[in-house]
Amino acid sequence: MDKLVELLSVEDYKKAIENKSIIVFSTSWCPDCHFMKTYIGEIVDEYPKYKFYYIDRDKLLDLCIELEILGIPSFVAYDHGQETGKFVSKLRKTKAEVESFIDGLGE
């Protein structure tokens with residue numbers, strides 16, 4: 001996930017969500033997360049108004065529990081510290097589904 005900036009601490013997360021951002025929650029062992037790698041770079045390129053970040057769910061598990069992000073891969077959008085949308089489930093997500101989620105965020 002070369003085009004995503006990895007967040008390694010809660011402090012990094014708090015700074016990141018002050019921007020127009022999308023946080024991608026994933027892990028290294030998840031087959032559905034590996035599938036996401038086939039298209040996530042294209043998504044980043046298609047939506048330049050967002051900064052995309054990556055959180056390894058296993059490394060920041062307490063934060064994920066607090067945010068109710070237990071299914072992976074999952075996506076949460078923020079703008080100025082406010083959550084603007086959440087796409088969370090245990091199911092594999094296709095490129096079209098992720099694009100639909102982002103398109104539905106509005107301005």
Sequence-distant partners of Glu18, salt bridge (Lys or Arg N to Asp or Glu O under 4.0 Å), two or more places apart: none
Side-chain donor-acceptor pair present, Asp79, Tyr50, cut-off under 3.5 Å: no
Greater than 12 external heavy atoms within 6.0 Å of Asp62's CG: no
Side-chain heavy atoms of Ile22 within contact of Tyr47, under 4.5 Å: no
Under the side chain to side chain contact (heavy atoms under 4.5 Å, CB included) test, residues paired with Leu70 that sit two or more places apart: Ile65
Gap between atom CD1 of Ile23 and atom NZ of Lys86 - 0.5 Å precision: 12.0 Å
Ile72 reachable from Leu61 in the ILVMFWY side-chain graph, under 4.5 Å edges: no
CA sep, side-chain torsions, deciding dist, call: Ile102, Ile43, side chain to side chain contact (heavy atoms under 4.5 Å, CB included): CA-CA 9 Å; Ile102 296 171; Ile43 296 273; 3.7 Å; yes
Lys93, Lys90, Arg92 screened by side chain to side chain donor-acceptor pair (under 3.5 Å) with Asp32, the one that passes: Arg92
Asn19 side chain to Ser21 backbone, donor-acceptor under 3.5 Å: no
Heavy-atom closest contact (Leu7 atom, Ala16 atom, distance): CD1-CB, 3.9 Å
Pair Glu99 + Lys95, salt bridge at N-O below 4.0 Å: yes
Heavy-atom pair with the smallest gap, counting every atom of Leu105 and Thr84: CD2-O, 3.7 Å
Residue pairs fulfilling side-chain hydrogen bond (donor to acceptor under 3.5 Å, both in side chains) with at least one residue in residues 65-78, sequence neighbours excluded: Tyr13-Tyr78
Glu42/Lys3 ion pair, N-O < 4.0 Å: no
Atom NZ of Lys51 with >12 non-hydrogen neighbours under 6.0 angstrom: no
Any pair counted as ring-ring contact (aromatic ring centres under 6.0 Å, His included), so long as it reaches residues 81-102, sequence neighbours left out: Phe87-Phe101
CG on Leu4 to CD1 on Ile55, rounded to 0.5 Å: 11.0 Å
Residues forming a salt bridge (Lys or Arg N to Asp or Glu O under 4.0 Å) with Glu97, sequence neighbours excluded: none
Within residues 14-34 or reaching into it, pairs that qualify as ring-ring contact (aromatic ring centres under 6.0 Å, His included) - sequence neighbours excluded: none
Considering all heavy atoms, the nearest Val88-Phe75 contact: CG2-O, 4.4 Å
Side chain to side chain, Met36 and Ser26, heavy atoms closer than 4.5 Å: yes
